[in-house]
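Okay, so here's the structure we're looking at.
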Amino acid sequence: MPAKSLSGGGRPLFPPGPAGMLLYAVDAVLTPGSPVSDIGQLTELASDAVAVGGGHVLDTSHVSFPNGAVTLVLILAESHLAIHTWPEDNLIAIDLFSCGAIDGPKVAAELARLLRLDDVHTQRIERGTAARR
């Protein structure tokens, strides 16, 4: 599949916001009602959460494993969202990498609500060269 370009006259469509590059890492517990085993529903709910945070989904990809685990990646205009599940341990890990104007805490909170997650722990990690200064 050819790469999608979002440049307009040499400028990125969504330039990095004042917050710079950030990673929001979410670890949580899946509850019995967590709708993560249906990849279509998971993709729809993750896309909805991204939209609530002001993000823009450009493409998606996923893998479903024999044990029911899934890895879902949403390519965003602002970077990407990756969701990984371990149903045998009732665990989910979500990584939202942002290099644009997206409300990461809002996306994480909406994912926790929509996916009916429990014991949610979110870390905000600055990335890139600005984080090393």
Side-chain angles (χ1 to χ4, degrees):
M1 168 183 287
K4 295 181 179 173
S5 174
L6 287 179
S7 61
R11 295 183 330 240
L13 182 60
F14 296 99
M21 296 189 302
L22 298 171
L23 171 66
Y24 295 91
V26 179
D27 296 305
V29 173
L30 296 169
T31 63
S34 297
V36 298
S37 59
D38 178 332
I39 194 66
Q41 186 176 18
L42 179 60
T43 302
E44 181 180 332
L45 294 174
S47 297
D48 290 348
V50 166
V52 165
H56 305 84
V57 177
L58 302 177
D59 205 355
T60 66
S61 184
H62 75 275
V63 176
S64 297
F65 298 93
N67 69 341
V70 297
T71 293
L72 170 66
V73 178
L74 277 64
I75 308 302
L76 310 178
E78 300 79 14
S79 196
H80 67 273
L81 172 76
I83 298 175
H84 313 280
T85 67
W86 291 268
E88 67 275 13
D89 295 321
N90 293 325
L91 296 177
I92 186 168
I94 302 167
D95 297 321
L96 171 62
F97 187 73
S98 169
C99 55
I102 188 171
D103 189 333
K106 191 178 272 189
V107 173
E110 188 68 0
L111 279 168
R113 185 184 75 78
L114 291 172
L115 300 180
R116 300 182 207 129
L117 304 178
D118 198 10
D119 195 21
V120 178
H121 177 72
T122 304
Q123 299 177 71
R124 178 183 179 270
I125 303 164
E126 293 185 25
R127 300 293 305 268
T129 56
R132 296 188 302 232
R133 292 183 194 155

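Atom-to-atom distance recorded for L23:CG and E126:CD is 11.5 Å, nearest 0.5 angstrom. To the nearest 0.5 angstrom, Y24 atom OH is 13.0 Å from L81 atom CG.
Within the structure, ring-ring contact (aromatic ring centres under 6.0 Å, His included) pairs that include any residue of residues 59-82 comprise H80-F97 (at least two apart or interchain). For residues 103-126, no residue pair satisfies the ring-ring contact (aromatic ring centres under 6.0 Å, His included) rule, not counting sequence neighbours.
Note on I125 and M21: same hydrophobic cluster, where clusters join Ile, Leu, Val, Met, Phe, Trp and Tyr whose side-chain heavy atoms are under 4.5 Å apart, directly or indirectly. L96 and V120 fall within a single hydrophobic cluster, where Ile, Leu, Val, Met, Phe, Trp and Tyr are joined by side-chain heavy atoms under 4.5 Å apart, directly or via other members.
Checking each of L58, I102, D59 against L76 for a side-chain contact (heavy atoms from CB on, under 4.5 Å) leaves exactly one that passes, namely I102.
Other cluster members for V52: none, since no ILVMFWY side-chain heavy atom sits under 4.5 Å from it.
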Show me the side-chain donor-acceptor pairs of residues 85-92 shorter than 3.5 Å, one per line, residues at least two apart or across chains.
from	atom 1	to	atom 2	distance (Å)
T85	OG1	V70	N	2.9
E88	OE1	N67	ND2	2.9

Side-chain donor-acceptor pairs of residues 25-36 under 3.5 Å, sequence neighbours excluded:
from	atom 1	to	atom 2	distance (Å)
T31	OG1	S34	OG	3.1
T31	OG1	R116	O	2.6
S34	OG	T31	N	2.8
S34	OG	T31	O	3.1
S34	OG	L115	O	3.0
S34	OG	R116	O	3.2

Please list, one pair per line, the donor and acceptor atoms closer than 3.5 Å that link side chains of residues 38-50 to other protein atoms, with sequence neighbours excluded.
from	atom 1	to	atom 2	distance (Å)
D38	OD1	G40	N	2.9
D38	OD1	Q41	N	3.1
T43	OG1	I39	O	2.7
S47	OG	T43	O	2.8

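In this structure, I75 and V57 have side chains that are not in contact, with every pair of non-hydrogen atoms separated by 4.5 Å or more.
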